[in-house]
There are 2 protein chains.
Amino acid sequence: MTTRVEDQQGEAGGERISDAEHAVMEALWKHSPQTAAEVCETVCKDRGWSMPTVKTLLSRLVQKGALATQPDGRRFLYTPLIARSAYVGGESRRLVDRLFGGRAAPLLAHLAQEEALSQDDIAEIERLLREMKK
Amino acid sequence: MTTRVEDQQGEAGGERISDAEHAVMEALWKHSPQTAAEVCETVCKDRGWSMPTVKTLLSRLVQKGALATQPDGRRFLYTPLIARSAYVGGESRRLVDRLFGGRAAPLLAHLAQEEALSQDDIAEIERLLREMKK
DNA sequence: CCACTACGATTACACCTGTAATCTGAATGG
DNA sequence: CCATTCAGATTACAGGTGTAATCGTAGTGG
């Protein structure tokens with residue numbers, strides 16, 4: 001084991017996405033393409049950021065191959081190059097590998113203990129499991 | 001919502017534990033107390049670290065309040081101050097909050113899609129759910 | 001008693017991250 | 001045509017992280 005395949009979040013962009021960068025990605029996953037100003041519109045409020053910060057994060061994400069730019073007049077439109085599901089899947093996998101030896105069941109047990117599972121969650125998970133077994 | 005309670009991993013030590021530091025914690029969670037040399041014995045192989053690296057990480061963890069030291073002759077014995085379950089719970093929670101809006105079910109769905117769930121996992125999860133509902 | 005060794009402590013240093021100011025060049029209003 | 005403005009690019013900088021060399025000091029073998 002420990003076959004670190006260095007394939008964290010899909011094929012596009014091997015670099016890791018930091019927490020702040022992730023906030024920007026979320027904005028673009030919600031809706032894209034967007035200009036820097038539009039992204040700021042979304043994230044600056046929540047995180048208390050200023051435009052330059054968003055610009056920096058966008059640039060870094062472009063460098064990392066996580067975003068594509070497409071010129072639109074004098075500004076850029078940014079579009080995610082990696083799918084949210086790929087990112088989310090990668091991160092989840094990383095956590096499960098790191099903390100639970102790759103087993104999902106103990107994760108669930110922990111979430112359960114922390115009361116992170118509502119009755120609805122439980123019902124939905126059961127439904128998922130039934131489907132999976134089919 | 002978004003009630004960031006800044007209580008990441010239990011009461012002892014508010015600071016975050018980094019990835020490298022986590023490897024050291026794992027060694028000490030497996031068995032404690034241990035000397036720096038013993039910890040190195042465990043982690044240096046796997047991670048390709050040298051003694052000084054382990055020493056640094058141990059010091060940082062002590063600073064962060066994640067480890068207690070207890071002098072044993074001329075060296076120290078290190079003992080975790082935060083429980084593994086608290087750390088693991090905190091990290092899981094963080095992930096679920098950040099990526100799944102706090103809902104565990106979508107996480108499970110992703111793991112399922114990635115084939116991160118074995119038949120055994122599924123069985124165990126079902127057992128957990130049954131217990132939870134009782 | 002002293003040189004050596006085995007520790008922890010201190011210092012180092014490059015890279016990443018969060019956060020932003022400043023620079024530069026192009027569009028635009030007058 | 002020129003000054004203003006607005007966008008991206010460049011630079012900045014402190015703090016965290018990974019990784020380690022070096023320092024100081026306290027026992028230990030001779």
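Chain letters run A, B, ... following the sequence lines, proteins first, then strands; residues in each count from 1.
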Determine, step by step, whether B/Arg94 and B/Asp97 satisfy the salt bridge (charged side-chain N to carboxylate O under 4.0 Å, His left out) criterion, reporting the C-alpha distance in whole Å, the side-chain angles of both residues, the deciding distance to 0.1 Å, and the verdict. CA-CA 5 Å; B/Arg94 273 172 50 80; B/Asp97 281 353; over 6 Å; no
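- Candidate nucleotides C/dT19, D/dA20, C/dC7 were compared by shortest atom distance to the side chain of A/Trp49, and C/dT19 ranks first.
- Taking atom CZ on B/Arg16 and atom C1' on C/dT17, their separation rounds to 13 Å, with Å as the unit.
- Taking atom CD on B/Gln63 and atom C1' on C/dT11, their separation rounds to 13 Å, with Å as the unit.
- In the set D/dT19, C/dC7, D/dA7, the nucleotide with an atom closest to the side chain of A/Lys55 is D/dA7.
- Between A/Arg60 and A/Phe76, the residue anchored nearer the 5' end of DNA chain D, judged by the nucleotide with its closest heavy atom, is A/Phe76.
- Between the CG atom of B/Leu67 and the P atom of C/dA9 there is a distance of 12 Å, given to the nearest Å.
- Look at CE on A/Met25: it is 14 Å from P on C/dG18, rounded to the nearest Å.
- The nearest whole Å value for the distance from the CG atom in A/Leu57 to the P atom in D/dA9 is 14 Å.
- Ring orientation note: the planes of A/Trp29 and A/Tyr87 are tilted relative to one another, at an angle of 30° to 60°.
- At a cut-off of 3.5 angstrom, counting only N and O atoms as typed in the model, there is a donor on one side and an acceptor on the other between the side-chain of B/Thr56 and the base of D/dA20.
- Here the C1' atom of nucleotide C/dC16 and the CG atom of A/Asp19 are 13 Å apart, to the nearest Å.
- Set against D/dG8, D/dT17, C/dT17, the side chain of B/Ser18 has D/dT17 as its closest nucleotide.
- Note on B/Thr53: every side-chain N or O is 4.0 Å or more away from OP1 and OP2 of D/dG18.
- One finds no side-chain N or O of A/Ser59 lying less than 4.0 angstrom from the OP1 or OP2 phosphate oxygen of D/dG8.
- In this structure, A/Arg47 and A/Arg74 both approach DNA chain C, and ranking their closest nucleotides by distance from the 5' end singles out A/Arg47.
- Residue B/Ala36 is in sugar-phosphate contact alone, with no base atom involved, counting any heavy-atom pair closer than 4.0 Å across all strands shown.
- One interatomic measurement links the two molecules: CG of B/Leu58 to C1' of C/dT10, which rounds to 16 Å at whole-angstrom precision.
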Just do the salt bridge (charged side-chain N to carboxylate O under 4.0 Å, His left out) check on A/Glu126 and A/Arg130 with the steps written out, would you? CA-CA 6 Å; A/Glu126 282 182 324; A/Arg130 264 195 303 281; 5.1 Å; no
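- Hydrophobic clustering, with ILVMFWY side chains joined whenever heavy atoms are under 4.5 angstrom apart, groups A/Leu108 together with B/Ile122.
- Here A/Ser50 reaches the OP1 or OP2 of C/dA20: one of its side-chain N or O atoms lies under 4.0 Å away.
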Stepwise salt bridge (charged side-chain N to carboxylate O under 4.0 Å, His left out) test for B/Arg16 and B/Glu91: CA-CA 10 Å; B/Arg16 301 239 333 107; B/Glu91 291 296 300; 2.6 Å; yes
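- Between A/Glu15 atom CD and C/dC16 atom P the separation is 8 Å, expressed in whole Å.
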